[in-house]
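Since this is a predicted model, take the numbers as computed values, not measurements.
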Amino acid sequence: MRKSIFTCLLVFSIFVASCADSSPKNNAKSAYVLASQKVSKAEKAFNLANYADAQKLCLEARNDVEKIIENYPDSDVAFKLVSDSSIYIGSCRYLDLKEKIIPQLELLNDSQMQPIALAWAVAVKNNAYTDLAKAIVKNIKQFDAKTIDSIFNCVLLNIKNPSQAEVLRNEYRLARLGVSDKKSEPVAVVKTEKKSAKIADVAKFLRDVSTSASLISYDVRNAEKLRSMAKIASCAEKQIVDKVVSELSKAYDNVLKISSQTMREKALSEIAIAFAYTGDNLRAIAISQKITNGDLFYGVFKEIAESACKGDNYRAALTLASRLSDVQEKSKFLSSLAIGVAENGLYNEAREIASTVQDILLRNEAYAKSAKLAFDAGKPNDALQCISKIDVKNLNCLDVFCKTDGLSVHNASALRLACVANKLIGVNEKFASALNSMSIVEVSRETAKLDEKVIGTIFDNLVKMGKEDDAFNFIVSRFSQLQNNNVAEKLCALAESTKDKNLSLKIYKKLGELASVNEVSVMELALHLSRSGMSRKDAVNILGDSLPKFK
């Protein structure tokens, strides 16, 4: 009996000892398994760019492991943790979790960088802090000043090259001030006609004018003197000009007393030009009409044509055109006259005059310049009337709306049409759409590189007309023909502004494809995605391998 009781007690003691011995081992293993599960969850969060959750889980896993070492030092798990650097926790080595992943997460979760979290992640992964700084400078207007100052300073702290950091800091300061750091283009020097010499002795000068006017009927050479003195007076004060004009009126009356028609008309031609020099175009035109000699009339016309086209006395100026027999000369004069009339705000009259110009190029020029003047004066409907009159056989006249120097024929033609279309969208969208379509046709004919300004203007027109899908398809279909990728900014702007979420996602996906083959800046794309409000899952799919990996 005693022997049986003793045996039972022995077995129970061994069992209790066995349980006491195995419990810490099992607890250690169980704790490690739970810690590993947290790391696996952290990896999923990390790969979705949810770095806050990933960091929280990783820190918890590390703390759990440290407790295993502290609470169960005799367990196999604890022994391996302190002796085997290759031991895994979840899908990564425990050593990497401590020394690589957690420090990286601490950097990724910088609170100052949350407004541009995705771009910051791309910079951290690729050590591309310089690229991020440049992207911020380029897109600085998208952020409020206080936020962007904090972000930019944080980026600069990670740039190891002091000189590079200082260059970027200066670029940032200029951008914040709205000042471009690009060198200004040289300003073209416009040559101006040399002004007449200043009148040294005004009293003597006026006496000479009066004397010549009085003696002109006796010696017609005084007419030439009056012409020369009128030119000198044109640069003088108004009081002097008025006195010269008064004397020219006396001279005119005296010229009419000359009995010889030849001498009289010769003197009249000089007096007419003298009146034009003093700004009295109406008198100059009226006097020239009295000249019957064709050669003399043409000489006067050549001298006063420019001033006659100012538009103040356009009806009188039209009488000059009726005297011209040369079609080209007449077209040139009428075209200039139409433009002069438009400068005075008489757009209907300008169109009427332009319609009489026989030369197609000069007629188109008159319509185009009149339209430009109307646009500048805030009269888009008048501009539309002028534009609609232009003969499409030659559209070089539209150069007045944009510079096309250095562009190929098709690029230049497309830019002209697109620029005019842009101005007309709010006036007559149907007409604007037709012009923009013509611009697209010109683009389709270009086999070489396309000018980005051309593509950008057409794109802007389509967006302004509400044709966002067409705008996206247009710019993407021609991406391979562009010289660089600045138009990607327009796609980003459309993705941010459109109310069509599907289109926004489609745009960003396309930009992601282009970024993957270095056609667009992945850093700028990440910057835009950070602000897009898009789901983190979609953003991660778009950026793909540009984002950091868990291991």
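Listed by first then second residue, pairs satisfying ring-ring contact (aromatic ring centres under 6.0 Å, His included) with a partner in residues 128-148 read Trp120-Tyr129, not counting sequence neighbours. For residues 80-115, the set of pairs meeting the ring-ring contact (aromatic ring centres under 6.0 Å, His included) definition, not counting sequence neighbours, is empty.
Ser335 places no side-chain N or O within 3.5 Å of a backbone atom of Ser331 that could act as its donor or acceptor partner. In terms of modelled atom types and a separation under 3.5 Å, the side chain of Asn428 and the main chain of Leu424 share no donor-acceptor contact.
For Lys549 and Asp545, the salt-bridge test passes: some basic side-chain N is under 4.0 Å from an acidic carboxylate O. For Asp500 and Lys506, the salt-bridge test fails: no basic side-chain N is under 4.0 Å from an acidic carboxylate O. We find that Lys467 and Asp470 are not joined by a salt bridge, their nearest charged nitrogen and carboxylate oxygen being 4.0 Å or further apart.
The two residues Asn109 and Ala52 make their nearest non-hydrogen contact at OD1-N, 3.2 Å. Of all the heavy atoms in Cys386 and Ala371, the pair that sits closest is CB-CB, 3.7 Å.
Here Arg169 contributes atom CZ and Glu166 contributes atom CD; the two are 6.0 Å apart, rounded to the nearest 0.5 Å.
You'll find the side chain of Glu43 reaches within 4.5 Å of the side chain of Lys551, heavy atoms only.
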Pair Asp149, Arg176 - check salt bridge (charged side-chain N to carboxylate O under 4.0 Å, His left out), show working. CA-CA 9 Å; Asp149 281 348; Arg176 284 276 275 113; 3.1 Å; yes
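The local environment of NZ in Lys67 is sparse, with at most 12 non-hydrogen atoms from other residues, nucleotides or ligands closer than 6.0 Å.
Taking the ring axis of Phe459 as reference, the NZ or CZ atom of Lys490 does not stay both within 45° of it and closer than 6.0 Å to the ring centre.
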